[in-house]
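Positions are given from 1 along the sequence.
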Amino acid sequence: MTAVESRPAGVLAAEKPKHRPFGARVKAFVALTKPRVIELLLMTTVPVMFLAAEGVPDMWLVLATCVGGYLSAGGAGAFNMYYDRDIDAMMDRTSQRPLVTGMVSPRECLVFAATLTVGSTVWFWFLVNPLSAVLSLGASLFYTVVYTMILKRRTAQNIVWGGIAGCLPVLIGWSAVRNEVSWASVILFLVIFFWTPPHYWPLSMKVKDDYERVGVPMLPVVAGNKVVARQIVLYSWVMVGVSLLLTPLGYTGWFYTVVAVACGAFWLKEAHALQARAKAGITGAKLKEMRLFHWSITYVSLLFTAVAIDPFLR
């Protein structure tokens with residue numbers, strides 16, 4: 001899941017800035033955790049807990065899961081910034097990240113990331129349950145090692161398989177309540193899995209010059225807009241189809257179904273419109289690729305809100 005940053009390109013700081021105010025340092029460490037991304041991760045975690053509980057879950061458990069989730073995802077985000085600090089310095093949207101500006105040193109970032117990762121695992125193990133702790137640690141390691149270190153700079157399928165890390169909070173939310181993983185959580189896991197590429201590729205289309213400059217083979221860098229748009233449409237149809245499986249399997253009722261159909265229909269309309277513009281050879285601002293990116297965030301918010309509300313209407 002993705003938040004947009006838009007700032008002028010910078011140069012990786014070779015030395016610490018001479019003046020590092022305490023308040024600015026605190027903000028920098030918070031920025032290392034990618035809080036806007038974590039908002040979306042928690043948006044998929046908490047509603048699943050309501051579905052798993054078939055009503056209102058234990059609020060202390062919800063709080064413990066959210067805190068643990070923030071620590072875990074924050075640690076992974078910090079590891080990502082540590083590893084990518086070289087290319088972050090050359091990309092417009094990441095040029096003001098804390099390691100690039102020197103507000104946080106690489107050593108400080110690494111210690112911070114490790115502390116959050118270990119702390120979140122211990123937190124989940126003792127305050128939630130061991131299964132959630134294992135899933136949380138797995139998500140952190142997958143994002144850090146599989147996506148950031150292995151896939152991101154090597155393959156155009158990076159965001160497809162790397163996106164698995166962003167799907168695991170769904171399983172964590174369910175396991176926190178049920179201490180198991182069920183088909184309902186797997187279906188919602190797959191919704192996020194198929195949501196991630198058409199969510200991120202429009203943003204990649206917008207900033208493909210950034211990725212091309214640093215040699216990261218995001219799909220829009222190695223393929224034309226027509227190919228990317230076709231892939232977006234394909235994943236969109238599969239995502240919408242998977243989202244509708246919950247009801248026939250008995251996990252959700254009419255309310256979720258109505259929301260899933262309405263939101264899915266609007267998504268497909270936007271995806272096909274983007275494809276039509278790409279086929280027509282439209283480029284630049286008129287391509288309007290960010291329309292789908294922004295809608296994708298609204299879509300997942302509305303869909304998972306429906307997941308939380310539906311148990312009360314059956």
Between [X] (side chain only) and [Y] (backbone N and O only), is there a donor and an acceptor less than 3.5 Å apart?
| X | Y | result |
| --- | --- | --- |
| Ser136 | Ala133 | no |
| Glu270 | Trp267 | no |
| Arg20 | Met103 | yes |
| Arg25 | Pro21 | no |
| Thr196 | Ile192 | yes |
| Thr144 | Leu141 | no |
| Thr252 | Thr247 | yes |

Q) Would Val46 and Cys66 satisfy side chain to side chain contact (heavy atoms under 4.5 Å, CB included), going step by step from the backbone distance to the final call? A) CA-CA 8 Å; Val46 175; Cys66 287; 3.4 Å; yes
Q.
Show me the pairs that pass side chain to side chain donor-acceptor pair (under 3.5 Å) and involve residues 297-313, at least two apart or across chains.
A. Asp310-Arg314
Q | Within residues 171-181 or reaching into it, pairs that qualify as side chain to side chain donor-acceptor pair (under 3.5 Å) - sequence neighbours excluded | A | Ser132-Ser175, Trp174-Ser182
[atom2] on [Y] to [atom1] on [X], rounded to 0.5 Å:
| X | Y | atom1 | atom2 | result |
| --- | --- | --- | --- | --- |
| Cys263 | Leu268 | SG | CG | 11.0 Å |
| Ser296 | Met290 | OG | CE | 8.5 Å |
| Ser140 | Leu135 | OG | CG | 12.5 Å |
| Ile172 | Met49 | CD1 | CE | 11.0 Å |
| Phe124 | Ser72 | CZ | OG | 6.5 Å |
| Met205 | Leu292 | CE | CG | 9.5 Å |

Shared hydrophobic cluster for [X] and [Y] (ILVMFWY, side-chain gaps under 4.5 Å):
| X | Y | answer |
| --- | --- | --- |
| Ile38 | Leu168 | no |
| Tyr235 | Leu219 | yes |
| Leu71 | Val122 | no |
| Val259 | Ile297 | no |
| Leu151 | Val214 | yes |

Would a 4.5 Å heavy-atom cut-off, applied to side chains only, mark [X] and [Y] as touching?
| X | Y | answer |
| --- | --- | --- |
| Arg153 | Ile87 | yes |
| Val207 | Asp92 | no |
| Arg97 | Lys34 | yes |
| Thr115 | Val111 | yes |
| Val170 | Phe304 | yes |
| Tyr83 | Met149 | yes |
| Trp195 | Ser236 | no |
| Val221 | Pro217 | no |

Nearest atoms (heavy-atom pairs only) where [X] meets [Y]:
| X | Y | answer |
| --- | --- | --- |
| Val222 | Ala156 | CG2-CB, 3.7 Å |
| Ala28 | Val104 | CB-CG2, 3.7 Å |
| Pro57 | Val177 | CB-CG2, 4.4 Å |
| Thr257 | Gly253 | OG1-O, 2.9 Å |
| Trp201 | Pro220 | O-CG, 3.9 Å |
| Leu137 | Thr117 | CD1-CG2, 4.0 Å |

Q.
Taking NZ in Lys152 as the centre, count heavy atoms belonging to other residues, nucleotides or ligands within less than 6.0 Å. Is the count above 12?
A. yes
Q | Salt bridge present between Asp210 and Arg213 (N-O < 4.0 angstrom) | A | yes
(Q) Any salt bridge linking Asp88 with Arg93? Criterion: basic side-chain nitrogen under 4.0 Å from a carboxylate oxygen. (A) no
(Q) Tell me whether the rings of Phe112 and Phe29 are parallel (<30°), tilted (30 to 60°) or perpendicular (>60°). (A) perpendicular
Q.
Please evaluate residues Met218 and Lys208 with respect to the criterion side chain to side chain contact (heavy atoms under 4.5 Å, CB included), reporting the C-alpha separation (whole Å), side-chain torsions for both, the decisive distance (0.1 Å), and the verdict.
A. CA-CA 8 Å; Met218 289 294 177; Lys208 68 178 181 180; over 6 Å; no
Q: Begin with the C-alpha distance, continue with both residues' side-chain angles, and end with the deciding distance and a verdict on side chain to side chain contact (heavy atoms under 4.5 Å, CB included) for Leu188 and Leu246.
A: CA-CA 8 Å; Leu188 289 170; Leu246 286 175; 3.6 Å; yes
**Q.** Passing candidate, side-chain hydrogen bond (donor to acceptor under 3.5 Å, both in side chains) with Thr148, options Asn158, Asn80, Asp84
**A.** Asn80
Q. Is the Lys NZ or Arg CZ of Arg85 less than 6.0 Å from the centre of Tyr82's six-membered ring, within 45° of the axis?
A. yes
(Q) Phe193 vs Trp161, test: ring-ring contact (aromatic ring centres under 6.0 Å, His included). Steps then yes/no. (A) CA-CA 8 Å; Phe193 177 79; Trp161 301 107; 5.6 Å; yes
**Q.** Short side-chain donor-acceptor distance under 3.5 Å, Tyr70 and Thr33
**A.** yes
Q) Without hydrogens or angle criteria, can the side chains of His199 and Trp295 be said to hold a donor-acceptor pair below 3.5 Å? A) no
Q.
With side chain to side chain contact (heavy atoms under 4.5 Å, CB included) as the criterion, how do Phe312 and Phe50 come out once you've worked through the C-alpha distance, each side chain's angles and the decisive distance to 0.1 Å?
A. CA-CA 9 Å; Phe312 299 99; Phe50 279 78; 3.9 Å; yes
